[in-house]
Amino acid sequence: MFGCECWCWSSEYEYLYDISEPKPYSLPSPLPKWPQGQGFATGRICLGEIEVVQITKFENVWSCNLLHGKSKGITFYRPARIPDDFYCLGHYCQRNDQPLRGYVLVARDMVATRMDSEDGLVQDSVQKLPALRNPVNYTLVWNAESTNGGCGYIWLPNPPEGYKAMGFVVTDDHEEPNLKEVQCVREDLTDTCETCDRILSVDSKFSENHFQVWSTRPCERGMLCRGVSVGTFFCTSASLDSDEELEAVCLKNICSSLHAMPNLNQVHTLIEHYGPTVFFHPDEAYLPSSVQWFFKNGALLYSDSSETGEPIDHRGSNLPSGGENEHDFWIDLPNDQDARHHIKGGDMESAKLYVHVKPALGGTFTDVAMWIFCPFNGPATIKVGLVSIAMNKIGQHVGDWEHYTLRVSNFTGELWQVYFSEHSGGRWVDAFDLEFIEGNKPIVYSSKHGHSSYPHPGTYLQGSSKLGIGLKNEVAQSKMFIDSSTKYEIVAAEYLGDGVIEEPCWLQYMRDWGPTIVYDSRSELDKIIDRLPFFVRFSVENLFELFPTELYGEEGPTGPKEKDNWLGDER
């Protein structure tokens, strides 16, 4: 059951009771008054047969901290201030080295509630099993005791047949929890989930197994997926097989209407309230522009069937639309050298963020993906130890699409995370780890020449950080910036229905926004071999393997709608 074994660890030399707990986090400024709408920011979301509320207030159950710097402290919580008729689905935990910033969902059975208050229910609703039921009993899956004043017991609810447990229960004594402490959910109202971030890992002297605590997320994520994160944790005392399907599950939104998603007026208010300021590096030479400016200033459409480029209408109406990208069409700069130089520099006055609004995590969150276009991506800078070498051509290409994504809770309208599309893999950053410039508007740093987004200034190495060899992504504040809370255009929000947002013609162009480039990487990289310290000298072939594949050539970049995260979740 969950791949866990019940085992106890009571060595006073391994644990200290940690009486300190993280302080709750709140955004720098109060939330605005959202425009009226259907279900956005009302505090409750209907998932079909159950209704859920997001709880962010907690009571401390047990905290522990490993000695000798083996691990960060961790605290387990039970949700507090649960509304009447709602039930806990599991407890919450997080590390102590960050503010208290999390949630768990509590739920109520909508059908059972109506049956208590109404007489004329349809027959099929009466015949169904209840959406929520008490567990049959509990299994103790882990136990930590300390003579220093703290002890903790982690219990797995054993659900009735046809039901699933949403999470674990934590107590500070050895008594089995009350059966009413949590509810289990009918199996057809659940979806599969997977482990995400590891919160705690403990090696035991008395067991061959490790004890690990993880956060979870739905296995299938994206704007068409219905899995809903409950916010509870998963734990195991056995090595976890990444291919193993977890018995721990998440909720599923079976409601055909995503009523908690913001309407158009609310979307505009979200962007105006949270829209980040994007800072470009002081030495950036290749700035963004609007797509229309790019077309008006001489961008040309090429195809396999013609050697002559065709001017592009400022709306992109003469671009081929739809279909698959077979690299039969591509966009390139104008032929005239002065015009090419001019268009490479971009145009900050026309630049804006192109916004795609979509459901996330079964419609319990809204993702506001903000895309920025740069006519040209500049050459790379390579770092070899303490030496930085600017390349002449390697890394440059025509047409550069980059983005960041705001994730907002549909329960409250609160900004929860921001996704930064860092080179070599992006990442979600929690609100408490963001920099804010004005009210609740985060700062986004755009890397020099490459335009990928980062949460903090500095240099990010793309390659071997251990050897100090790779591509430099440099970010810093400057007088060159775009305030996306005012300079934006909503280009897509499919959930609002047909006719609400008219997608621009150029968004349907699924081909390459630049020609395919093959770099003469060997000639440029050969000159840095002699600069390598003796103890890290490699053959040329091994050195090449330290750098990202973009150094050696790439197909022309594609537009936003061709990216995986248009329909899917961020990688």
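The side-chain contact (heavy atoms from CB on, under 4.5 Å) test with H456 singles out one residue from I443, D433, V475, and that residue is D433. When the options V444, D483, T277 are evaluated for a side-chain contact (heavy atoms from CB on, under 4.5 Å) with I437, the one that passes is T277.
Between the side chain of D430 and the backbone N or O of F432 there is no donor-acceptor pair closer than 3.5 Å. Proximity of a side-chain donor or acceptor of S215 to a complementary backbone N or O of F233 within less than 3.5 Å is not detected. Side-chain N or O atoms of K487 include one that pairs as donor or acceptor with a backbone N or O of A351 at under 3.5 Å. With hydrogens and angles ignored, the 3.5 Å screen pairs a side-chain donor or acceptor of R226 with a backbone N or O of C255. Side chain of Q94 to main chain of R101: a donor-acceptor pair is present (N/O by atom type, distance under 3.5 Å, no hydrogens or angles). The backbone N or O of G568 lies less than 3.5 Å from a partner atom in the side chain of K358, making a donor-acceptor pair. A donor-acceptor contact shorter than 3.5 Å is absent between the side chain of D367 and the backbone of A369.
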In sequence, state the C-alpha distance, the side-chain angles, and the governing distance for Y445 and E435, and then conclude on side-chain hydrogen bond (donor to acceptor under 3.5 Å, both in side chains). CA-CA 10 Å; Y445 294 94; E435 294 181 17; 2.6 Å; yes

Would D85 and D109 count as a side chain to side chain contact (heavy atoms under 4.5 Å, CB included) if you check the C-alpha gap in whole Å, the side-chain angles of each, and the deciding distance to 0.1 Å? CA-CA 8 Å; D85 299 328; D109 188 330; over 6 Å; no

Take Y404 and Y419, measure what side chain to side chain contact (heavy atoms under 4.5 Å, CB included) needs, and give me the verdict at the end. CA-CA 5 Å; Y404 55 85; Y419 178 84; 6.0 Å; no

Please walk me through it: do Q54 and I45 pass side chain to side chain contact (heavy atoms under 4.5 Å, CB included)? CA-CA 9 Å; Q54 186 184 63; I45 296 179; over 6 Å; no

Please evaluate residues L251 and V52 with respect to the criterion side chain to side chain contact (heavy atoms under 4.5 Å, CB included), reporting the C-alpha separation (whole Å), side-chain torsions for both, the decisive distance (0.1 Å), and the verdict. CA-CA 10 Å; L251 293 172; V52 291; 3.8 Å; yes

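The aromatic rings of W371 and H403 lie parallel to each other, with less than 30° between the two planes, well short of the 60° mark.
Annotation: side chain of Y77 is in contact with side chain of L100 (closest heavy-atom distance under 4.5 Å). In this structure the side chain of V355 never reaches within 4.5 angstrom of the side chain of V491, judged on heavy atoms. In this structure, the side chains of H356 and E494 come closer than 4.5 Å at one or more pairs of heavy atoms.
In summary, the aromatic rings of Y103 and Y92 are positioned with their centroids too far apart to meet the 6.0 Å limit. Annotation: Y460 is in aromatic contact with Y454 [ring centroid separation under 6.0 Å]. Aromatic ring centres of F211 and W142: separated by under 6.0 Å.
No donor-acceptor contact under 3.5 angstrom links the side chains of W34 and T269, judged on distance only. For Q477 and H281, the side-chain atoms include no donor-acceptor pair closer than 3.5 Å.
Note that the OH atom of Y274 and the CG atom of L406 stand 9.5 Å from one another [nearest 0.5 Å]. Atoms CG and CE, on L567 and M223 in that order, are 4.5 Å from each other to the nearest 0.5 Å.
More than 12 heavy atoms of other shown residues, nucleotides or ligands fall within 6.0 angstrom of atom CG in D173.
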